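Since the model is a prediction, treat every value here as computed from it, not as a measurement.
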Amino acid sequence: MRSTSLLVMSGFLLLKLGLSSCDSVLSFKTNPVSQSESPATVSQPPNDGDFTNWEGLVHQQINQYRQSQNLPPLTLDASISKEARRHSQAMATGRVPLGHGGFEQRVRAIAQSMSYRQAAENVAYNQGYSDPATQAVQGWLKSPGHRKNIEGDFDVTGIGVSKNAKGDYYFTQIFIKRQ
């Protein structure tokens with residue numbers, strides 16, 4: 001019998017312009033530029049290996065939760081998802097450990113396509129679940145720090161999912177508040 005495991009990083013990162021009172025807070029200056037948005041909706045769990053659909057399922061579940069809390073939905077952004085996907089792929093291949101390493105660089109890359117006021121990130125890992133996206137979202141919602149990001153004053157998001165040869169799924173969700 002295959003065992004199941006779920007790991008959601010216990011910490012979270014919040015990036016906010018002008019704040020410097022906490023070790024996990026970083027400051028950046030950004031210039032206004034154009035953005036590209038690409039909404040996704042998924043009504044059922046996608047086939048294994050179809051990571052774009054897994055990402056859409058995470059997006060859908062996060063927005064359903066936000067709606068239940070009377071919060072506006074997050075728009076899924078292709079450029080943010082590209083950075084989130086790169087991070088998930090790097091974790092899945094072992095190039096970087098599970099965590100928020102490189103968050104500052106991801107946000108700088110995002111700043112090339114949009115101006116923002118604050119950014120935050122959630123990451124998760126799991127294995128052995130028939131619906132790894134739901135497991136990641138449920139894990140984040142049970143964690144106060146991750147839930148704070150999900151409930152935060154953000155308007156766009158990007159989601160990246162990757163899977164390694166052992167069947168481990170890696171999730172990255174980046175939250176952005178545009179200027």
Side-chain angles (χ1 to χ4, degrees), residues 8-9 11-17 24-26 28 30-42 46 50-67 71-93 95-96 98-126 132-141 143 145-163 169-179:
V8 176
M9 292 300 297
F12 67 97
L13 285 180
L14 174 64
L15 182 102
K16 203 169 200 174
L17 289 173
S24 64
V25 176
L26 305 171
F28 291 102
T30 62
N31 297 318
V33 289
S34 65
Q35 68 181 39
S36 63
E37 297 177 359
S38 132
T41 58
V42 178
D50 191 351
F51 303 125
T52 302
N53 285 338
W54 284 118
E55 293 161 3
L57 185 58
V58 170
H59 179 239
Q60 179 185 42
Q61 290 179 17
I62 293 296
N63 275 343
Q64 286 172 344
Y65 175 78
R66 285 178 61 89
Q67 181 181 15
L71 297 169
L74 299 171
T75 301
L76 190 62
D77 181 272
S79 64
I80 301 170
S81 290
K82 181 178 176 182
E83 293 304 317
R85 197 172 296 118
R86 283 182 182 164
H87 185 54
S88 291
Q89 290 167 347
M91 290 186 296
T93 61
R95 289 191 315 261
V96 300
L98 178 69
H100 301 289
F103 178 62
E104 181 176 332
Q105 290 81 10
R106 285 187 289 287
V107 173
R108 283 186 180 156
I110 292 164
Q112 299 299 309
S113 63
M114 75 175 58
S115 181
Y116 70 93
R117 282 190 272 177
Q118 64 181 10
E121 176 179 79
N122 287 349
V123 299
Y125 150 88
N126 67 55
T134 297
Q135 290 301 318
V137 171
Q138 291 304 309
W140 287 334
L141 291 173
S143 163
H146 294 93
R147 190 174 56 251
K148 181 177 178 181
N149 287 344
I150 291 168
E151 294 173 352
D153 182 23
F154 300 106
D155 55 352
V156 291
T157 192
I159 300 158
V161 178
S162 190
K163 180 181 175 185
Y169 282 90
Y170 291 83
F171 296 83
T172 303
Q173 183 169 17
I174 300 172
F175 302 87
I176 299 288
K177 175 65 173 179
R178 293 175 288 198
Q179 286 193 352

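Taking OG1 of Thr75 as the start and CZ of Arg178 as the end, the distance is 6.0 Å to the nearest 0.5 Å. How far CD1 of Ile174 is from CG of Leu74: 13.0 Å, rounded to the nearest 0.5 Å. Here the NE2 atom belonging to His59 is positioned 5.0 Å from the CG atom belonging to Leu76, to the nearest 0.5 angstrom. We find the CZ-CG distance between Arg117 and Asp155 to be 8.0 Å, quoted to the nearest 0.5 Å. To the nearest 0.5 Å, atoms CE (Met114) and CD1 (Ile80) are separated by 4.0 Å.
Ring-plane geometry between His146 and Trp140 is classed as parallel, the angle between the planes falling under 30 degrees on a 0 to 90 degree scale with a further cut at 60.
With a 6.0 Å radius and a threshold of 12 heavy atoms from other residues, nucleotides or ligands, Lys82 has its NZ atom at or below the threshold. Within a 6.0 Å sphere centred on CD of Gln67, other residues, nucleotides and ligands contribute 12 heavy atoms or fewer.
Checked options Val123, Val58, Asn122; the residue passing with Phe171 is Val58 (criterion: side chain to side chain contact (heavy atoms under 4.5 Å, CB included)). If you run side chain to side chain contact (heavy atoms under 4.5 Å, CB included) between Arg108 and each of Gln112, Arg106, Glu104, only Glu104 comes through.
The main-chain N or O of Gly160 is never found under 3.5 Å from a side-chain atom of Ser81 such that the two would form a donor-acceptor pair.
Side-chain contact between Phe175 and Ile150 is present, with at least one heavy-atom pair separated by less than 4.5 Å. In this structure, Leu141 and Gln61 have side chains that are not in contact, with every pair of non-hydrogen atoms separated by 4.5 Å or more. Taking the side chain as every heavy atom from C-beta outward, Thr172 and Glu121 approach each other to under 4.5 Å. Here the side chains of Asp77 and Ile176 are not in contact, with every heavy-atom distance at 4.5 Å or above. Counting heavy atoms from C-beta on, the side chains of Val137 and Tyr65 never come closer than 4.5 Å. Under the 4.5 Å side-chain criterion, counting only non-hydrogen atoms from C-beta, Leu98 is in contact with Tyr170. Counting heavy atoms from C-beta on, the side chains of Thr157 and Ile62 never come closer than 4.5 Å.
In this structure, Ala92 and Ser162 approach most closely via the heavy-atom pair CB-OG, 3.6 Å. Considering all non-hydrogen atoms of both residues, Tyr116 and Ala111 come closest at CE2-CB, 3.8 Å. Closest heavy-atom contact between Asp153 and Gln118: O-NE2, 3.0 Å. Closest heavy-atom contact between Arg85 and Val161: CG-O, 4.4 Å. Residues Arg66 and Phe154 share a closest heavy-atom pair of NH2-O, 3.5 Å.
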